[in-house]
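Below: the structure, in C-alpha cells.
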Amino acid sequence: MMLFRPVRETDLNDILDLSARAGVGLTSLPNNPDRLRARITRSLETFAGLRPKSQQGFLFVLEDTELAKVVGVSAIEVAVGLDEPFYNFRIQRTVRASRELGVYKNLDTLYLSYDHTGHSELCTLFLDPAYQRNRNGLFLSKARFLFIAAFREFFSSHLFAELRGVVDNGGRSAFWDALGHHFFEIPFAEADYLTGIGSKTFIAELMPSYPIYISLLPEPAQQVIGQVHPQTAPARAILEKEGLMWRGSVDIFDAGPVLEGETDAIRAVRASRVLPVRHRDPATGGGALCIVANQHFEDFRALLIEADADAAALDLTGPMIDALHLADGDAARLVSLLPEELPA
C-alpha cells in the first residue's frame with residue numbers, strides 16, 4: 001500500500017537517500033543531513049503551531065507500507081518571502097520604434113520581481129525512480145491539494161510552483177552560464193546548493209537589478225527560458241491539468257517556469273467532496289482512480305483507491321480505514337485523480 005502522510009523524524013535517512021538521487025536543480029531538497037533535519041523539524045513545528053506564518057512549511061512523504069520505506073516527498077510552503085525576499089524574473093515585453101527608420105521592435109526583457117511574496121508554494125516534489133509507475137507521481141503531487149482543501153485557512157488565495165529548469169547531465173545550466181555566472185562567479189551547482197541550504201543573502205547582494213534584454217543572451221540560454229528539466233516534464237503536465245499555468249515568471253538561476261493560479265480554482269481543491277465512510281469487506285470495487293484522505297490535521301493521511309467519485313458515501317475496506325486512521329461513519333475527503341474522470 002502507498003500511503004501519503006506528514007513527515008516524521010525517523011524518515012530522515014530515507015529522505016537523505018532520495019536527495020542524493022534528485023541531482024542538481026531541486027533546490028529545496030539538498031543532500032545535506034543537517035538541512036534536511038531542519039526541514040523536517042520545521043514541518044513538525046508547523047503542524048504543532050509553533051512557527052509564525054512566515055516560517056510555516058508542510059513536508060509530506062509517500063510511504064511504501066509493506067517495506068516501511070519513504071519513496072517520495074512533496075511539500076507546501078505557506079507564505080514565501082515574508083522573512084526574506086523571494087526572487088524570480090518576470091518576462092515583460094517592451095517596444096522600440098523609429099518612424100524615421102521604419103523600425104518597430106518587440107523586445108522581451110527579464111525584470112527582477114517579488115510578485116509571489118506572501119503566496120503559498122508547491123515545492124520539493126521528488127519520487128524514487130523505481131516507483132515512477134502505478135500513478136504514484138500523480139498521487140504524490142495531488143494529495144497536497146486535498147490537504148489544502150481541508151485546511152484552506154492556512155493558505156493564500158494564490159498558489160504557485162517553481163519548476164526545475166534545464167540542466168545537463170554535468171550539472172550545467174546554459175541560462176546560468178549566460179547570465180548568473182557573470183555576477184556570482186560560481187558554478188550553477190554551487191549556487192543551487194547554497195540556496196538549498198539557506199544561504200540566500202548573496203542573491204540580494206549580487207543579482208542584477210536592471211532589466212536584461214533576452215535577445216542579448218546566447219541562443220542556448222534563450223531556448224531554455226520557461227522550459228523544464230526532462231525529469232520535471234511530468235510534474236509540469238500534472239499541475240497544468242489542475243489549472244496552474246505559466247504567466248511569464250521564471251527562476252533566477254536556471255529559468256525554469258513558475259506555474260501559478262488561484263487556489264480556489266485548482267480542480268482538485270474545487271472538486272473535492274467530503275463523504276461519510278462505510279466499512280465494507282470486500283469493497284465494491286470499480287470506478288475511477290481517486291484520492292481519499294482523512295480530515296485530521298497533524299495525522300493527515302491519504303490513499304489512492306478505485307471509487308465512485310459521485311457516490312453519496314465512500315465504501316472502504318478495513319485495511320483502508322485503518323491506514324487512514326478512520327472509523328466507520330467518519331468523514332473523508334475524495335477527489336478523482338484525473339480531471340477527465342470527473343462525472344459529467
Side-chain angles (χ1 to χ4, degrees), residues 2-9 11 28 39-63 72-83 116-125 138-161 238-239 242-244 259-277 290-305 309 314 316 320-321 323-327 329-337:
M2 304 304 295
L3 175 68
F4 181 92
R5 60 167 174 80
V7 72
R8 302 170 184 155
E9 289 182 344
D11 296 329
S28 56
R39 184 77 186 281
I40 291 171
T41 298
R42 183 161 68 91
S43 181
L44 295 174
E45 291 180 351
T46 298
F47 275 106
L50 301 177
R51 292 270 181 158
K53 183 177 181 179
S54 61
Q55 298 174 15
Q56 290 175 0
F58 299 99
L59 183 61
F60 301 95
V61 300
L62 186 64
E63 178 188 350
V73 293
S74 63
I76 315 169
E77 292 294 319
V78 171
V80 304
L82 299 183
D83 276 349
H116 298 294
T117 299
H119 294 169
S120 299
E121 180 189 15
L122 301 169
C123 58
T124 322
L125 178 67
L138 287 166
F139 177 40
L140 178 60
S141 177
K142 294 189 180 188
R144 293 176 292 184
F145 292 130
L146 267 68
F147 184 79
I148 291 172
F151 307 103
R152 181 66 186 80
E153 67 275 13
F154 276 86
F155 305 100
S156 75
S157 61
H158 197 86
L159 196 63
F160 77 98
I238 290 170
L239 295 177
E242 289 296 328
L244 280 79
L259 304 186
E260 53 189 299
E262 299 305 309
T263 305
D264 293 329
I266 302 303
R267 193 276 315 184
V269 174
R270 184 186 71 250
S272 67
R273 299 188 301 126
V274 177
L275 304 171
V277 168
C290 294
I291 304 173
V292 58
N294 65 26
Q295 294 286 91
H296 309 325
F297 181 60
E298 294 185 56
D299 190 33
F300 185 80
R301 288 171 163 239
L303 297 174
L304 184 62
I305 66 170
L314 181 60
L316 297 177
M320 291 175 182
I321 289 176
L324 291 170
H325 290 181
L326 292 173
D330 283 351
R333 186 172 291 271
L334 181 77
V335 73
S336 62
L337 182 67

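Computed from a prediction, not measured in an experiment: that's the story for all the values here. In what follows, every heavy atom counts, from backbone to side chain, and hydrogens, waters and symmetry copies are set aside.
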Sequence-distant partners of [X], salt bridge (charged side-chain N to carboxylate O under 4.0 Å, His left out), two or more places apart:
{"X": "Glu260", "value": "Arg90"}
{"X": "Arg5", "value": "Asp11, Glu63"}
{"X": "Glu242", "value": "Lys142, Arg267"}
{"X": "Asp299", "value": "Arg301"}

[X]: side chain to side chain donor-acceptor pair (under 3.5 Å) partners, not counting sequence neighbours:
{"X": "Ser272", "result": "Arg333"}
{"X": "Asp264", "result": "Arg152"}
{"X": "His296", "result": "none"}
{"X": "Arg273", "result": "none"}

Those residues that, when tested against [X], pass side-chain contact (heavy atoms from CB on, under 4.5 Å) (two or more places apart):
{"X": "Ala75", "answer": "Arg39, Leu59, Cys123, Thr124"}
{"X": "Ser120", "answer": "Phe155, Ser156, Leu159"}
{"X": "Pro52", "answer": "Ser54, Gln55"}
{"X": "Ala332", "answer": "Val277, Val292, Leu314, Leu326"}

